[in-house]
Amino acid sequence: MSKADLLEAWHDHLALGLRRSPHTVRAYGRTAERLLAGLELTDWDSVAALDAPRLRGHLASRRADGLANASTARELSALKAFIAFARAQAGHALTDPPRLRGPRIKKGLPRPVTPDDAIGLADTVEAIATEDWIGARDRAVLLLLYGAGMRIAEALSLTGSALPLGERLTVTGKGSKQRVVPLLPIVREAVADYAAQCPWPLGRDDPLFRGAKGGPLAQGMIRKATARARKALGLPDSATPHALRHSFATHLLGAGADLRSLQELLGHASLGSTQIYTKVDAASLLETYRHAHPREKD
């Protein structure tokens, strides 16, 4: 088999077998391609035979190129998955990848925005858009992120079959897992307003959110619109589209939502991913205390 054959099999395994997102398939594919080229590996047996020292040396060369801790950890995870796949393909006696510990990463807390700023971002992207329908589109997307806790990729993967929106929406998330999210009236109205103004046909199988030329809307366009809006509002760089999903979770938790319900709404595979919002809520409470308690002002 050629290197191209190895990479094609790896891509198919990720996309079709594991149903990973296109972003993950691309990233894991590039990682495998660098490994094959860097260590001159040509078949499954040579990949399967990789041990910890050779893998460590490959990662060291990547670190020398300026790879940060977080990126190194992600690359190591991708490499281990690729080697495990190679060992299965080669019928290797050892199916587990080499044991190698990645760099420690200090996890930062999500940085939510306030409810007023979340709505302000959605309203501002509409106000500063070059065309009315584009402004309505961008506002609808941001309200889906904040009002329903959707990931930006989930919102942009919706098709015309979602119309007209009801009080609940079935969302397809990571790993093609589906969940049902409730929709507030303001969210439904925003999407309906966009659909009424959109100059492109919104058939059942067509992308719901369209770019200026009628193709599927790219995530980068929403990020750029949000960046312009936060600059206009004087908000920090952390006020991103994904921060709206964080804000959805944090504000629900602050209002009394339980972690299990929040896990279902966010589509998290494990409760551990959801528990980080308890720390965010505690941090917000402490910040409020510091600003409001009279003894803090002495």
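Among Leu59, Leu35, Leu41, the one residue that satisfies the side chain to side chain contact (heavy atoms under 4.5 Å, CB included) test with Arg54 is Leu41.
Scanning both residues, Pro199 and Trp133, for their nearest heavy atoms gives CD-CD2, 3.3 Å. Gly29 and Leu7 make their closest contact through O-CD2, 4.0 Å (heavy atoms, listed as atom of the first residue, atom of the second, distance). Listed here is the closest heavy atom pair of Pro207 and Leu202: O-CD2, 3.7 Å. The shortest non-hydrogen separation linking Thr31 to Ala78 is CG2-CB, 3.8 Å. Between Val125 and Ala229, the shortest heavy-atom contact is CG1-CB, 3.6 Å. Annotation for Ser238 and Ala243: closest pair O-CB, 3.3 Å, computed over non-hydrogen atoms.
In this structure, His246 and His242 have perpendicular ring planes: the angle between them is above 60°, well past the 30° mark. Using cut-offs of 30° and 60° on the angle between ring planes, the pair Trp44 and Phe85 is perpendicular.
In this structure, CG on Leu121 lies 9.0 Å from OG1 on Thr114, to the nearest 0.5 angstrom. In this structure, Leu79 CG and Glu75 CD are separated by 5.5 Å, a value rounded to the nearest 0.5 Å. The distance from atom CZ of Arg56 to atom CG of Asp51, rounded to the nearest 0.5 Å, is 9.0 Å. Taken from CG in Leu165 to CG in Leu163, the straight-line distance is 6.0 Å, to the nearest 0.5 Å. Distance check: Thr172 OG1 to Met150 CE gives 9.0 Å after rounding to the nearest 0.5 Å. Taken from CG in Leu244 to CD1 in Ile152, the straight-line distance is 9.5 Å, to the nearest 0.5 Å.
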- Message: I'd like to know whether Leu39 forms a side chain to side chain contact (heavy atoms under 4.5 Å, CB included) with Leu55, so could you lay out the CA-CA distance, the side-chain angles of the two residues, the decisive distance to 0.1 Å, and finally the verdict.
- Response: CA-CA 9 Å; Leu39 297 183; Leu55 190 57; 6.0 Å; no

- Message: What verdict does the side chain to side chain contact (heavy atoms under 4.5 Å, CB included) test give for His13 and Leu18, after you've listed the backbone C-alpha separation in whole Å, the side-chain angles of each residue and the deciding distance to 0.1 Å?
- Response: CA-CA 6 Å; His13 173 67; Leu18 301 181; 3.6 Å; yes

- Message: Is there a side chain to side chain contact (heavy atoms under 4.5 Å, CB included) between Phe82 and Leu50? Walk through the geometry before answering.
- Response: CA-CA 11 Å; Phe82 181 54; Leu50 278 176; over 6 Å; no

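Two residues are said to be in side-chain contact when any heavy atoms from C-beta on lie closer than 4.5 Å; Asp117 and Leu233 fail this criterion. The side-chain heavy atoms of Leu144 and Leu158, taken from C-beta on, include a pair separated by under 4.5 Å. Using a 4.5 Å heavy-atom cutoff, the side chains of Leu143 and Ile119 are in contact. Between Thr170 and Val180, the closest side-chain pair of non-hydrogen atoms falls below 4.5 Å. Counting only heavy atoms from C-beta outward, the side chains of Thr240 and Arg230 approach each other to under 4.5 Å.
Proximity of a side-chain donor or acceptor of Arg87 to a complementary backbone N or O of Ala48 within less than 3.5 Å is detected. Remark: side-chain polar atoms of Trp10 are paired, donor with acceptor, to backbone N or O of Tyr28 under 3.5 angstrom. No donor-acceptor pair under 3.5 Å is formed between the side chain of Arg168 and the backbone N or O of Val181. With Arg139 contributing its side chain and Glu126 its backbone, the two residues share no donor-acceptor pair below 3.5 Å. A donor-acceptor distance shorter than 3.5 angstrom exists from the side chain of Asp43 to the backbone of Ser46, with no hydrogens or angles considered. Looking only at distances, no side-chain donor or acceptor of Tyr194 sits under 3.5 Å from a matching main-chain atom of Val141. When atom types are taken as modelled, the side chain of Arg137 and the backbone of Arg210 share a donor-acceptor pair closer than 3.5 angstrom. Judged by distance alone, the side chain of Arg151 and the main-chain N or O of Gly173 form no donor-acceptor pair under 3.5 Å. The backbone N or O of Glu154 lies less than 3.5 Å from a partner atom in the side chain of Ser157, making a donor-acceptor pair. In this structure a side-chain-to-backbone donor-acceptor pair under 3.5 Å is present from Thr226 to Ile222.
Under a cut-off of 6.0 angstrom, the local environment of CG in Asp132 is sparse, with at most 12 non-hydrogen atoms contributed by other residues, nucleotides or ligands.
For Arg30, there are no salt bridge (Lys or Arg N to Asp or Glu O under 4.0 Å) partners at least two apart in sequence or on another chain.
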